[in-house]
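Report on the structure given below.
These values consider heavy atoms only, across backbone and side chains, with no hydrogens, waters or symmetry-generated copies.
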Amino acid sequence: MSPLLYYALPALGSYVMLSFFFLRRPRLLHTPWVPAFRPRLGAHRGGSGERLENTMEAMENSMAQRADLLELDCHLTRDGVVVVSHDKNLFRQTGVNRDVGSLNFEDLPLLKEELEVYFSPGHFARGADRHMVRLEDLFRRFPRTPMSVEVKERNEELIYKIAGLVRHYDRNEITIWASEKSSIMKKCKAANPEMPTSFTLSRGFWVLLFYYLGLLPFISIPEKFLICFLPTIINRTYFPFSRSGLNQLAAVVAKWLIMRKSLIQHLQQRGVQVVFWCLNEESDFEAAFNLGATGVITDYPTALRCYLDSRGPPALAS
């Protein structure tokens with residue numbers, strides 16, 4: 001054996017053992033976050049499978065099913081109103097080919113009478129309420145209901161208005177900053193650092209890399225939520241790529257990388273709550289909770305409520 005291997009192999013073996021030890025016992029190195037709430041039932045776009053997405057009617061319906069979290073996206077109108085809308089352009093939702101930012105709030109068109117449920121292709125939602133709502137209206141109507149607010153654009157006025165509304169309605173601990181882009185999340189945290197944050201795409205990739213390198217137990221994690229898609233929904237309800245071959249490859253790779261119970265348990269023990277989206281079938285609910293997820297975001301809050309009630313109360317985290 002060469003002198004290099006003589007020292008390297010024992011060092012590598014010790015590192016692997018320490019990494020495995022602290023992966024299972026992270027509280028020996030880190031003080032876990034104490035969550036202000038635990039979202040088991042999250043309503044995607046307010047519950048867009050049962051009522052028209054992001055309407056007050058959809059939110060009311062989800063709250064009737066005892067939703068723990070309302071998931072939504074926001075954009076800014078021309079007159080500076082923070083409006084709840086998944087899309088920047090209104091054509092899919094209303095049939096009017098205008099951007100939210102090109103219209104005053106009072107001039108926003110009504111939603112279509114029915115909208116296809118994105119994560120349940122071929123299924124449509126309908127509702128009596130076709131009006132878009134202001135974020136402030138939701139804060140007033142549901143003052144203590146946790147919400148995840150996703151920001152898709154690098155719009156500082158939008159970000160600071162959301163941050164100001166959260167402060168005004170005393171919702172710092174129960175309103176989550178969400179964005180796929182780290183550059184946007186940086187601005188969100190600067191606007192209101194008291195709000196909990198979720199992982200961006202790049203931060204999620206880094207966590208996976210650290211996990212497989214054995215470094216995860218030794219790094220700090222400022223985020224409090226990992227809101228992640230469940231890989232098993234690819235090719236059934238989620239098609240991230242235009243080519244079927246790429247979707248099949250993505251499903252296999254993502255399932256192998258993400259669906260690791262030891263990873264999710266480690267994050268949970270450190271106070272990082274893992275929530276899977278967007279799940280609309282009981283088999284997916286089962287897969288998520290069997291992995292140890294805190295909760296699930298769904299288009300169908302009634303179906304998820306029935307599933308949760310059939311399982312009984314959640315086990316207390318150790």
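A salt bridge is absent between Glu71 and Arg45: the closest approach of a Lys/Arg side-chain nitrogen to an acidic carboxylate oxygen does not fall below 4.0 angstrom.
Here the side chains of Ile221 and Phe199 are in contact, with some heavy-atom distance below 4.5 Å. Side-chain contact check for Ser198 versus Met185: some heavy-atom pair is nearer than 4.5 Å. Between Cys188 and Thr197 the shortest side-chain heavy-atom distance does not fall below 4.5 Å.
Cation-pi geometry between Arg40 and Phe289 is met: the NZ or CZ atom falls under 6.0 Å from the ring centre, inside 45° of the normal.
Between Tyr212 and Trp256, the ring planes lie parallel to each other; the angle is under 30°, not in the 30° to 60° tilted range.
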Throw together a table of side-chain donor-acceptor distances under 3.5 angstrom for residues 157-167, partners on residues two or more places apart or in other chains.
residue, atom, partner, partner atom, Å
Lys161, NZ, Gly80, O, 2.7
Arg167, NH1, Ala191, O, 3.2
Arg167, NH2, Ala191, O, 2.7

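Remark: Arg154 engages Ser183, Ile184, Lys187 in a side-chain contact (heavy atoms from CB on, under 4.5 Å) (not counting sequence neighbours). Asp284 meets the side-chain contact (heavy atoms from CB on, under 4.5 Å) test with Leu230, Thr232, Ile233, Arg236, Leu279, Glu281; sequence neighbours excluded.
Other residues, nucleotides and ligands contribute at most 12 non-hydrogen atoms within 6.0 Å of the CZ atom of Phe205.
Of all heavy-atom pairs spanning Asn54 and Gly46, the tightest one is OD1-N, 4.0 Å.
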query: Taking it one step at a time, do Asp129 and Arg51 satisfy salt bridge (charged side-chain N to carboxylate O under 4.0 Å, His left out)?
result: CA-CA 8 Å; Asp129 182 6; Arg51 299 292 189 276; over 6 Å; no

